[in-house]
Amino acid sequence: MQETYVPQSIEPKWQARWEKESLFKLKGQGEKRYILEMFPYPSGKMHMGHVRNYLIGDVLARYFRARGFDVLHPMGWDALGLPAENAAIQDGRHPAERTRENVAQFKAEMKSVGYSYDWDRELATSDPEYYRWNQWFFLKMRQMGLVYRRMNRVNWCTSCATVIANEQVKDGLCERCGCEVALKRMPEWAFRITRYSQKLLDNLDTLTDWPDRVTSMQRHWIGRSPGAEIVFKIDGSDDAALTVFTTRADTLFGVTYVVVAPDHPLIPRLVNDETRDAVAAFADAQAKKAAQAKKDEEPDKEGVFTGAYAIHPFTGAKVPVWAANFVVSDYGTGAVMSVPAHDQRDFEFAQKYGLTIRAVIRPAEGDSIDASALEHAFEDDGVMIDSEGFSGLTSAEGREKIGAALQQKGLGGPAVTYRQRDWGFSRQRYWGTPIPVVYCDKCDPDHEGISVPESDLPVRMPDIDVAKVLTGRGEPPLAKVPEFVNTTCPKCGGPARREVETMDTFVDSTWYYARYLSPRLDTAPVDAEVAARMLPVDIYVGGPEHAVMHLLYFRFWTMVMKELGLVTVEEPVKRLVTQGIVNGPDGRKMSKRWGNVVSPRDIVAKYGADAARTFVMFAGPPEKDIDWSDEQVEGCARFLNRVWRLAFANVGTARHDKPMGGETGRALEIRRAAHRALAKVTDDIERLSFNTAIARVMELVNTLTPMKPEGDAEEAAMAEAIRLLAAMLSPVAPHLAEEISESYGATECLQIQGWPAFDPALAAQTEVNYAIQVNGKLRGQIQVAADADKDAVIALAKADAKIAAQLDGKTIRKEVFVPTRLVNFVVG
RNA sequence: GCCGGAGUGGCGGAGUUGGUAGACGCAGGGGACUUAAAAUCCCCUUGGGGUAUCCCCAGCGCGGGUUCGAGUCCCGCCUCCGGUACCA
């Protein structure tokens, strides 16, 4: 052991040894732990957020491995996606080339931090041997009826003549050319995730180890809403009818108009010669406004009368049908019944356009309301009035009875609506998984798309001339590659065209966790046998920004994989950890713009990986945002130096195995401190409270440092304490820990040595400190044997001079006794 | 607006089922060592007050409440962060 701690010299040494000994491989036997971090999109450089993300997983992986679990801890690359393609449009470099370079750089940086990955399982989603299984899933899901074509609105840049992503729209303008963006309806491919809405919702109750904030956001995103669908026939038409969805069927008799979305499919049948142009103009104007709407502004409610009247299903009254901007076409049925007396939004609209207001609910207690004098809608539940046979029912009863009555009449009935929408997954990109579909005019005249046979997978991305194909303009890139587009029909063998759209990259990340189990398997995406043993993922670590989209797709896909017999679990992840952001030293998000970016590479070079690791874990609990702090990193480096000096100071007397005698005096003190620290550190890591675990180790070092052991017993105790110290530190500062462990005689790495067990007798407190309160105020403290009973403690407390003075002349009304904690005398 | 989360010393944070608020670290102050500096080590460090090795009062965003006892539970607010967009 050298006298001075030089992390740069010991870190590469241990990294090489771990690799040589293949310490991070799955053994295939024993109790498993699958620790996973969300895999990165390999952009140029790794940043501190990545470091933290993988560190949380790495500390756990190292801990569980030491505990004897068979740990899987893999890493891969979410390599497909928009940034590589956009960069290619800029500089003409092929996305594959750029990705390869980025991955190499990323991987080298990861290795310098000392993560314990099994690199043999590395995967990249841009690999045809990976994305072929995306295509395989597409085919299976199409057979299951989970894939369909639909029309959807997209951002369309008229100047680029292409579809652009939401994030490419800046203030309603195209980021690239600065032109206006319009909404355009186009066909797209979609997954029917809504078939699983109820299950996705119900299963949230089983995810007890997920943060509440995530399950609650998912619940809200799925947005189950029980209510009723109600059919309003259109006056003067035999078959035209509007179906509305409402949660307030009890207000049905208060309906004075009906509103449809500006792009509702029935509009052509609602308008007449007088209103046709006005309604069309209104729809156009709204589409443009919607595309350019600022996020923080609520547009004014605007509408236009369609010219049609709807017939009330009970009263037969004719109410006007309006088109308005506050009804959205892809929620519910795209049409609502308006009850201005009992819905604030309807109320405001009715006032603006002079529509009738009719009250049909009165407060449960109190007088009925005067519709003509209303200032706000009365939105509470109450008692139904002026509602034919339903009058007198409570709102809750009314909703049920009206639902049933509608069903009997064949004009609707109870219905549930979800806010969640199906997942449109086709993209007009090159750097993505090609959708395995072919169009043949002969066999498929309606152009529904013929699935490519499984045996023809993968459908590979073609090699391209980047400058010609990745222009960011006009038709999708793949359409510009004739060798790709032109193919033969799998049915008739005649000429056919390939689908030129690719898949959303969210598809790649729905099932990668299962691919790590058998990354080179070429007969199926997942080895069902291995999956049965290894799933679910025990701990999944990632950013809270994925709380809804990724994690819902991920859960959905797992349900599908279960139906396909690939996995036995319905939920992919047992415990979810959402880690906070690493901000710059100024507390702002690290960004080039603020000049506050801290590079892991620089930090590792300057302080060593262990100091960087210790700081990131010590700065705060995993789920909280932390600010980078050079001073704190230096503090951590100082701490590791103190550990080193402590180990070095005692290494000379630790070589020979000395008998662990002398369970008294300083030897005992040393052993107690070490075992107590070990007990706390173990508990803290189990609770994912890494910052306090490190604090415990610091305390131990502070306790041990001034001790200068003399004699065999003390020296043996100190050697034991330092070996335990190394073990405790090994998940967080593994290189330093190994070096110390080796210097203290270990021949095996700490992962093999295992996590030490603390001696409960040594860890236990022999004496405890009781707080003595009088009327809840702290008035003194006493030291008592840990096993003293209530009467003994109270007697000692009363004997204390200060307490006696406080109690003098007063009547004790109550004595509160909390074992090992406190006594509270309530006096009058 | 709605949904979710957070608010504790000069700073990052600790306080696990209600039980001694401020562990641990940083910064700061004082001291030791040194010709000097760095490094290291030791002591102090929430605020206010006092009859000062000890004691009192206040204190966890604000205002109430429950309780012997509240940072922790309940009600009403404020501020900040994240998500979302007229959701019928």
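Reckoned from all heavy atoms, side chains included, excluding hydrogens, waters and symmetry mates. Nothing here was measured: the structure is a model prediction, and the numbers come from that model. Chain letters run A, B, ... following the sequence lines, proteins first, then strands; residues in each count from 1.
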Candidate nucleotides [options], ranked by approach to the side chain of [X] - the nearest:
{"X": "A/V818", "options": "B/C55, B/G12, B/G19", "value": "B/G19"}
{"X": "A/R421", "options": "B/C87, B/C68, B/G13", "value": "B/C87"}
{"X": "A/E631", "options": "B/G69, B/C26, B/A58", "value": "B/C26"}
{"X": "A/R213", "options": "B/C24, B/C87, B/G5", "value": "B/G5"}
{"X": "A/R345", "options": "B/G13, B/C24, B/C87", "value": "B/C87"}
{"X": "A/K814", "options": "B/C68, B/G15, B/G83", "value": "B/C68"}
{"X": "A/N824", "options": "B/C68, B/C26, B/A88", "value": "B/C68"}
{"X": "A/L822", "options": "B/A27, B/A88, B/U20", "value": "B/U20"}

Measuring only the [atom1] atom in each nucleotide, how far is [N] from [M]? A whole number of Å is fine.
{"N": "B/C73", "M": "B/G69", "atom1": "C1'", "answer": "13 Å"}
{"N": "B/C68", "M": "B/C41", "atom1": "P", "answer": "49 Å"}
{"N": "B/C62", "M": "B/G7", "atom1": "C1'", "answer": "11 Å"}
{"N": "B/G61", "M": "B/A14", "atom1": "P", "answer": "14 Å"}
{"N": "B/C77", "M": "B/G29", "atom1": "P", "answer": "46 Å"}
{"N": "B/G22", "M": "B/G47", "atom1": "C1'", "answer": "13 Å"}
{"N": "B/U8", "M": "B/C81", "atom1": "P", "answer": "15 Å"}
{"N": "B/G59", "M": "B/C54", "atom1": "P", "answer": "25 Å"}

Notebook entry, point to check: Should the pair A/W423 and A/Y553 be assigned to parallel (<30°), tilted (30 to 60°) or perpendicular (>60°) ring geometry?
Noted result: parallel

Check: Would you call the rings of A/Y353 and A/W322 parallel, tilted or perpendicular if under 30° counts as parallel and over 60° as perpendicular?
Finding: tilted

Next item on the list: State whether A/D684 and A/K680 are salt-bridged, where the test is any N-O pair (Lys NZ or Arg NE/NH1/NH2 against Asp/Glu carboxylate O) under 4.0 Å.
Entry: no

Check: Salt bridge between A/D205 and A/R219, side-chain N to carboxylate O under 4.0 Å?
Finding: yes

Between [X] ([atom1]) and [N] ([atom2]), how many Å, whole number?
{"X": "A/F618", "N": "B/G25", "atom1": "CZ", "atom2": "C1'", "result": "4 Å"}
{"X": "A/I222", "N": "B/C87", "atom1": "CD1", "atom2": "C1'", "result": "15 Å"}
{"X": "A/I772", "N": "B/C55", "atom1": "CD1", "atom2": "P", "result": "14 Å"}
{"X": "A/L778", "N": "B/C54", "atom1": "CG", "atom2": "C1'", "result": "14 Å"}
{"X": "A/R642", "N": "B/C42", "atom1": "CZ", "atom2": "P", "result": "8 Å"}
{"X": "A/I626", "N": "B/A6", "atom1": "CD1", "atom2": "P", "result": "18 Å"}
{"X": "A/R399", "N": "B/A88", "atom1": "CZ", "atom2": "P", "result": "12 Å"}
{"X": "A/Q806", "N": "B/C56", "atom1": "CD", "atom2": "P", "result": "7 Å"}

Notebook entry, point to check: Which is true for A/V826 with a 4.0 Å heavy-atom rule: it touches a base, it touches only sugar-phosphate, or it touches nothing?
Noted result: sugar-phosphate

Next item on the list: Describe the nucleic acid contact of A/G223 in one word from base, sugar-phosphate, nothing, applying a heavy-atom distance below 4.0 Å.
Entry: nothing

Item checked: Within 6.0 Å of CD in A/Q198, more than 12 heavy atoms from elsewhere -> yes

Next item on the list: Determine whether any donor atom in the side chain of A/K301 lies under 3.5 Å from an acceptor atom in the base of B/C86, or the reverse, and answer yes or no.
Entry: yes

Note to self: Does A/Q773 contact B/G69 through a side-chain donor or acceptor facing the base, at a distance under 3.5 Å?
What the structure shows: no

Note to self: On RNA chain B, does the nearest nucleotide to A/A619 precede the nearest nucleotide to A/N702 from the 5' side, or the other way round? Give the residue.
What the structure shows: A/A619

Checklist line | Whichever of A/D625 and A/G776 has its nearest RNA chain B nucleotide further upstream toward 5' | finding: A/D625

Note to self: Is B/G9 syn or anti, taking syn as a glycosidic angle within 90° of 0?
What the structure shows: syn

Margin query: If the glycosidic angle sits within 90 degrees of zero it is syn, else anti. Tell me which applies to B/A58.
Written below: anti

Notebook entry, point to check: How about A/E302 and A/N325: does a side-chain donor come under 3.5 Å of a side-chain acceptor?
Noted result: no

Next item on the list: Evaluate the side-chain proximity of A/Y5 to A/D610: yes if any heavy-atom separation is below 4.5 Å, no if none is.
Entry: yes

